[in-house]
Protein chains: 2
Amino acid sequence: MNRKLIIPDIVVGRLPRYLQALQRLQKRAVQTTSSKELGDILGISAAQIRKDLSQFGEFGKQGTGYSVPFLIDRLEDILKLKHDWDIALVGVGDLGHAIIRYQGFSNRGFCVSMAFDNDPEKIGTSINGLIVENIQNMPARIQEAQVKIAMLTVPAAFAQQVAEDLVKAGVTAILNYAPLVLSLPKHVQVEYIDPIISLQHMTYYLE
Amino acid sequence: MNRKLIIPDIVVGRLPRYLQALQRLQKRAVQTTSSKELGDILGISAAQIRKDLSQFGEFGKQGTGYSVPFLIDRLEDILKLKHDWDIALVGVGDLGHAIIRYQGFSNRGFCVSMAFDNDPEKIGTSINGLIVENIQNMPARIQEAQVKIAMLTVPAAFAQQVAEDLVKAGVTAILNYAPLVLSLPKHVQVEYIDPIISLQHMTYYLE
DNA sequence: CCCTGTGAACCAATTCACAGCT
DNA sequence: AGCTGTGAATTGGTTCACAGGG
């Protein structure tokens, strides 16, 4: 085993997919799998899956493959998903609303535990039992609860400012739904979700 | 100029970001930009932007940089965004609902023009003027309207089957929000949006 | 002097292919 | 025989650095 000092980010980015596939196998009560099977499920080569996993340890058995529960355990450990992460959501528009109501976070390591908006009509209302709070209280609330992850679903014009406020309050990971690239200190992790970017990528290949 | 026969997908994937940055500059009435300025906005090296753009032609002027309107025009042409693309949305849950109500598609090349669901409670209702149709009519409606792009916001258990139905009806690009990898003919473009995958990527780096 | 476009150099990622264990 | 883990080979992507035009 050759545990590398620093794992390429592109490898880290594939681990959640591996975990997803494994959890689906587990739901079907599959006990053992192989790099070949995982690769077929995910459209990735078996060699790549083996190489990726080997960066973190020797998780498989020659001749047999990988134990599904064991590999899930290892990946949850590597990705720090052994306990749920609290998430602060900022911007309770249609999208923020839909995210709060989404039921799929809890069994995959996350819990949307705070929501903020600046609209007096929304502040104080309850969505799925979560009370929308005044965005003015956001820094204090995030700091006191030590929340490290935020989802940003505010209009583009406010995203950079709100992101900076989040970072000041102690957030170090932001999932940004606003259609712009944020400029933040490099210790802050940022991921982007923009359906139009994804669609425009595909239109290149159409017709 | 060395127009390559085949452009790497990773380059194509960056073009929408360039377009996004340029459109923001245009809103501020900026007439001219440089690879340096674009790179600063997007967190990408200037050399990479120049190399990417040079794959498609010589769009800049030495000493001056790039004309913002001209480069927008070229990118819209390359990405086939000169006319709006109709999109069929399948699965009108909270997320589908939020997508239909989202106002940002029209000025970036897309129009959600059909929505389907299998819930009798939802079929016939109107969201932002769009009538939710019975999913049983989906293949016929998509075929007749020649819709090529679909957004898939159904529960994971149905996603693979619905995706296959979409492809049979003529869809060749799918933006999949269901948390699994689809298995489809390779002429079909698929992009994935799964916030939990994005979050799990970031948690690796936390603490 | 400013900035593009681009070979060349460098660095990164993927695939190959096989030793070695079950 | 089946499958992992891994060096070596290969392929792909990014950065460098500079010629050349404005």
Side-chain angles (χ1 to χ4, degrees), chain A residues 1-15 17-18 21-22 25 30-75 78 186 201 204, chain B residues 1-15 17-18 21-22 25 30-75 78 186 201 204:
Chain A
M1 193 258 296
N2 180 25
R3 197 168 305 201
K4 295 249 302 243
L5 280 79
I6 192 149
I7 313 283
D9 181 65
I10 197 162
V11 172
V12 176
R14 282 191 291 262
L15 300 183
R17 287 270 172 222
Y18 300 166
L22 286 160
L25 287 171
V30 176
Q31 283 303 307
T32 298
T33 188
S34 65
S35 57
K36 168 90 171 59
E37 185 178 36
L38 282 172
D40 289 346
I41 293 171
L42 294 172
I44 290 177
S45 80
Q48 178 155 86
I49 290 174
R50 290 202 302 279
K51 192 145 247 173
D52 284 355
L53 294 176
S54 76
Q55 307 256 1
F56 299 94
E58 305 191 353
F59 300 149
K61 281 197 179 60
Q62 289 157 323
T64 314
Y66 300 92
S67 154
V68 171
F70 176 71
L71 193 48
I72 287 175
D73 180 82
R74 297 319 310 130
L75 287 172
I78 293 164
K186 64 182 178 315
H201 185 167
Y204 175 80
Chain B
M1 193 255 297
N2 180 25
R3 199 167 303 199
K4 295 247 303 239
L5 279 79
I6 190 148
I7 313 284
D9 182 64
I10 196 161
V11 173
V12 176
R14 281 191 291 261
L15 300 184
R17 286 272 172 220
Y18 299 166
L22 287 159
L25 287 171
V30 176
Q31 283 303 307
T32 299
T33 187
S34 65
S35 57
K36 167 89 170 62
E37 185 178 36
L38 283 173
D40 289 345
I41 293 171
L42 294 171
I44 291 177
S45 79
Q48 177 154 85
I49 290 174
R50 290 202 303 277
K51 188 140 251 178
D52 284 354
L53 294 176
S54 77
Q55 308 257 358
F56 299 94
E58 306 191 351
F59 300 149
K61 281 197 179 59
Q62 291 157 322
T64 314
Y66 300 92
S67 153
V68 171
F70 176 72
L71 193 49
I72 287 175
D73 179 82
R74 297 319 310 131
L75 286 172
I78 292 164
K186 65 181 178 313
H201 184 165
Y204 175 81

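Per chain, numbering begins at 1; letters A, B, ... match sequence-line order. Note that these values count all heavy atoms, side chains included, but never hydrogens, waters or copies made by symmetry.
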Can you list every salt bridge (Lys or Arg N to Asp or Glu O under 4.0 Å) pair that touches residues 33-49 of chain A, not counting sequence neighbours? Lys36(A)-Asp40(A)
Kindly state each residue pair satisfying salt bridge (Lys or Arg N to Asp or Glu O under 4.0 Å) with at least one member in residues 64-74 of chain B, sequence neighbours excluded. Asp73(B)-Lys82(B), Arg74(B)-Asp77(B)
Please tell me if the side chains of Leu22(B) and Leu38(B) come closer than 4.5 Å, counting only heavy atoms from C-beta onward. yes
Distance check needed: [N] [atom2] versus [X] [atom1], whole Å only.
X: Glu58(A); N: dT4(D); atom1: CD; atom2: P; value: 13 Å
X: Lys61(A); N: dC21(C); atom1: NZ; atom2: C1'; value: 12 Å
X: Phe56(A); N: dT4(D); atom1: CZ; atom2: P; value: 17 Å
X: Gln55(A); N: dG5(D); atom1: CD; atom2: P; value: 12 Å
X: Leu71(B); N: dT4(C); atom1: CG; atom2: C1'; value: 12 Å
X: Ile6(A); N: dA12(C); atom1: CD1; atom2: P; value: 11 Å

Using a cut-off of strictly less than 4.0 Å, decide whether Tyr66(A) has a side-chain nitrogen or oxygen near OP1 or OP2 of dG5(D). yes
Start at the 5' end of DNA chain C and walk down; is the nucleotide closest to Thr64(A) or to Leu53(B) reached first? Leu53(B)
Qualifying residues under side chain to side chain contact (heavy atoms under 4.5 Å, CB included), relative to [X], sequence neighbours excluded:
X: Arg14(A); result: Ile10(A), Val11(A), Tyr18(A), Ile44(A), Gln48(A), Asp52(A)
X: Arg50(B); result: Ser35(B), Ala46(B), Ala47(B), Tyr66(B)
X: Thr32(B); result: Thr64(B)

For Leu53(B) versus Phe59(B), what's the shortest heavy-atom pair and its separation? O-CE1, 3.9 Å
Where along nucleotides 12-20 of chain D does protein come under 4.0 Å, by heavy atom, of base (B) or sugar-phosphate alone (S), with - for untouched nucleotides? -SSB-B--B
Show, in sequence, the C-alpha distance, side-chain angles and deciding distance for Ile7(B) and Phe56(B), and conclude whether the side chain to side chain contact (heavy atoms under 4.5 Å, CB included) test is met. CA-CA 9 Å; Ile7(B) 313 284; Phe56(B) 299 94; 3.6 Å; yes
Of residues 30-38 of chain A, the positions that come close to DNA chain D - non-hydrogen atoms, cut-off under 4.0 Å: Ser34(A), Ser35(A)
Please test Thr33(A) against Ile41(A) for side chain to side chain contact (heavy atoms under 4.5 Å, CB included), starting from the C-alpha separation and ending with a verdict. CA-CA 11 Å; Thr33(A) 188; Ile41(A) 293 171; 5.7 Å; no
How bent is the helix from dC1(C)-dG22(D) to dT22(C)-dA1(D), comparing axes over its five end pairs at each side, to the nearest 10°? 0°
